[in-house]
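Predicted, not measured: the structure shown is a model, and the values here were computed from it.
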Amino acid sequence: MLEARNLYKTYNNGNKEIRVLKGIDLTIDKGRFVAIVGPSGAGKSTLLHILGGLDTPTKGEVIFEQEELGSLGDFRLCKIRNEKIGFVFQFYHLLSEFTVLENVLMPALISRQSTVDSRQSKNEALRLLKEVGLGDRITHFPSQLSGGEQQRVAIVRALINRPSLLLCDEPTGNLDSKTGSDIISLIKKINLMNQMTVVLVTHNLELAKSADTIYHLQDGILVN
């Protein structure tokens with residue numbers, strides 16, 4: 001379903017070469033929940049961004065559903081990211097001038113679906129928002145929501161196009177421990193109910209214990 005082969009990522013800082021990833025190999029089967037843990041600055045977000053096609057490796061390749069992301073043109077890559085991969089970040093990235101419902105529907109609008117599909121997307125958005133306890137918040141704006149509520153909106157937005165892969169980058173980093181635990185429980189529920197593949201990166205080993213498999217990223221090397 002998702003495979004990383006011999007991934008390297010190097011940055012140049014003046015005359016200094018910074019090697020962040022040093023030969024990462026990773027295979028994730030459909031429906032699995034995988035957590036990648038490590039200290040801040042270990043390269044977890046870099047790895048996740050490469051797996052999701054948001055960044056490119058210095059060396060190596062990523063295979064997603066039998067397509068090598070590095071070989072794809074911009075249009076095809078954008079289409080995959082929009083329709084097949086859901087992203088949840090530490091910072092919710094909600095658009096402040098749009099309501100909860102409008103924020104959730106943004107990926108569906110970007111994919112230029114038909115009027116019929118748009119109606120279906122709206123119904124799906126309303127269903128998902130109700131499922132995560134936000135059915136009475138659809139006309140609210142992000143500034144009127146708590147951090148946990150904003151993150152739930154971000155998760156629903158990531159799910160609106162029914163992706164096969166959900167990538168979560170420190171999704172609890174801005175939340176208190178109780179709310180963070182609730183968010184991880186919601187992600188686990190989504191994984192089990194929809195057989196959706198989930199990759200979570202976090203520095204919190206306790207939260208990572210919800211995953212089927214835990215990898216540790218240390219010194220650019222991934223260890224099971």
Side-chain angles (χ1 to χ4, degrees), residues 2 20-21 24 26 28 31-52 54-55 81 85-96 100 103-104 106-107 125 128-137 140-161 163-218 222-224:
L2 179 65
V20 179
L21 303 179
I24 301 291
L26 177 65
I28 302 174
R32 302 294 289 173
F33 184 177
V34 170
I36 299 172
V37 299
S40 178
K44 303 185 302 298
S45 293
T46 298
L47 175 57
L48 196 77
H49 292 175
I50 290 174
L51 293 177
L54 295 174
D55 196 1
R81 288 196 302 251
I85 304 176
F87 296 92
V88 180
F89 300 100
Q90 176 179 350
F91 301 100
Y92 322 120
H93 298 305
L94 301 180
L95 300 175
S96 60
V100 164
N103 267 281
V104 166
M106 205 61 67
L128 288 169
L129 286 167
K130 183 177 180 180
E131 189 172 307
V132 301
L134 295 175
D136 60 347
R137 297 286 199 272
H140 285 55
F141 291 90
S143 62
Q144 297 172 306
L145 305 177
S146 68
E149 288 173 330
Q150 289 187 62
Q151 191 61 291
R152 280 184 276 163
V153 174
I155 291 171
V156 173
R157 180 183 59 189
L159 299 176
I160 192 61
N161 283 339
S164 53
L165 174 64
L166 184 64
L167 300 179
C168 304
D169 188 1
E170 295 280 10
T172 66
N174 284 338
L175 305 174
D176 61 76
S177 57
K178 170 64 169 63
T179 306
S181 180
D182 290 344
I183 290 296
I184 295 299
S185 295
L186 174 60
I187 291 170
K188 180 65 175 178
K189 179 182 176 182
I190 291 165
N191 163 248
L192 292 174
M193 290 185 64
N194 302 306
Q195 281 298 293
M196 184 180 296
T197 308
V198 175
V199 182
L200 164 74
V201 302
T202 179
H203 65 275
N204 190 323
L205 182 57
E206 193 62 32
L207 292 177
K209 289 179 180 178
S210 296
D212 302 318
T213 306
I214 301 175
Y215 292 93
H216 294 260
L217 185 59
Q218 274 188 314
L222 202 61
V223 181
N224 189 334

Grab the two heavy atoms, one from [X] and one from [Y], that are nearest each other, plus how far apart they are.
{"X": "P171", "Y": "C168", "answer": "CG-CB, 3.9 Å"}
{"X": "V104", "Y": "A125", "answer": "CG1-CB, 3.6 Å"}
{"X": "P142", "Y": "L94", "answer": "CG-CB, 3.8 Å"}
{"X": "G52", "Y": "L167", "answer": "CA-CD1, 3.4 Å"}
{"X": "F141", "Y": "S96", "answer": "CD2-O, 3.6 Å"}

side-chain contact (heavy atoms from CB on, under 4.5 Å) partners for [X], two or more places apart:
{"X": "E170", "answer": "K44, Q90, T202, H203"}
{"X": "A158", "answer": "V88, L166"}
{"X": "L95", "answer": "E97, F98, N103, M106"}
{"X": "I28", "answer": "L2, L26, R32, V34, T197, V199"}

Does the side chain of [X] reach to within under 4.5 Å of the side chain of [Y], using non-hydrogen atoms?
{"X": "V20", "Y": "L47", "answer": "no"}
{"X": "H216", "Y": "L205", "answer": "yes"}
{"X": "L186", "Y": "I155", "answer": "yes"}
{"X": "V100", "Y": "L145", "answer": "yes"}
{"X": "Y92", "Y": "N174", "answer": "yes"}
{"X": "N204", "Y": "V37", "answer": "no"}
{"X": "I184", "Y": "L200", "answer": "yes"}
{"X": "I24", "Y": "L217", "answer": "yes"}

Taking only residues two or more places apart in sequence or in another chain, which ones pass side chain to side chain donor-acceptor pair (under 3.5 Å) with [X]?
{"X": "E149", "answer": "R137, S146"}
{"X": "N191", "answer": "none"}
{"X": "D176", "answer": "T179"}
{"X": "S177", "answer": "none"}

(message) Tell me which one of L192, T213, V198 satisfies side-chain contact (heavy atoms from CB on, under 4.5 Å) with F33.
(response)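 With F33 as partner, side-chain contact (heavy atoms from CB on, under 4.5 Å) holds for just one option, V198.
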* Asked: Taking only residues at least two apart or on different chains, which pairs with a member in residues 183-201 satisfy salt bridge (charged side-chain N to carboxylate O under 4.0 Å, His left out)?
  ->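 Every pair satisfying salt bridge (charged side-chain N to carboxylate O under 4.0 Å, His left out) with a residue in residues 183-201: K188-D212.
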query: Is it true that a side-chain atom of Q151 and a backbone atom of G148 form a donor plus acceptor pair closer than 3.5 Å?
result: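 Flag not set: sc Q151 to bb G148 has no pair under 3.5 Å.
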[atom1] of [X] to [atom2] of [Y]: how many Å apart, nearest 0.5 Å?
{"X": "S45", "Y": "I50", "atom1": "OG", "atom2": "CD1", "answer": "11.0 Å"}
{"X": "R157", "Y": "Q150", "atom1": "CZ", "atom2": "CD", "answer": "10.5 Å"}
{"X": "L51", "Y": "T46", "atom1": "CG", "atom2": "OG1", "answer": "11.0 Å"}
{"X": "S185", "Y": "L207", "atom1": "OG", "atom2": "CG", "answer": "9.0 Å"}
{"X": "N224", "Y": "I214", "atom1": "CG", "atom2": "CD1", "answer": "9.0 Å"}

Quick one: salt bridge (Lys or Arg N to Asp or Glu O under 4.0 Å) partners of K209, sequence neighbours excluded?
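Per chain and number, K209 pairs via salt bridge (Lys or Arg N to Asp or Glu O under 4.0 Å) with E206.
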Worksheet entry | Results of salt bridge (Lys or Arg N to Asp or Glu O under 4.0 Å) for D169 - residues two or more places apart only |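 By the salt bridge (Lys or Arg N to Asp or Glu O under 4.0 Å) rule, D169 matches no residue at all.
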Q: Using ring-ring contact (aromatic ring centres under 6.0 Å, His included) as the criterion, list what pairs up with H93, not counting sequence neighbours.
A: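 In terms of ring-ring contact (aromatic ring centres under 6.0 Å, His included), with neighbours along the sequence ignored, H93 is linked to F89.
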Counting only heavy atoms not in Q218, do more than 12 sit closer than 6.0 Å to its CD atom?
->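 Counting other residues, nucleotides and ligands, CD of Q218 stays at 12 neighbours or fewer.
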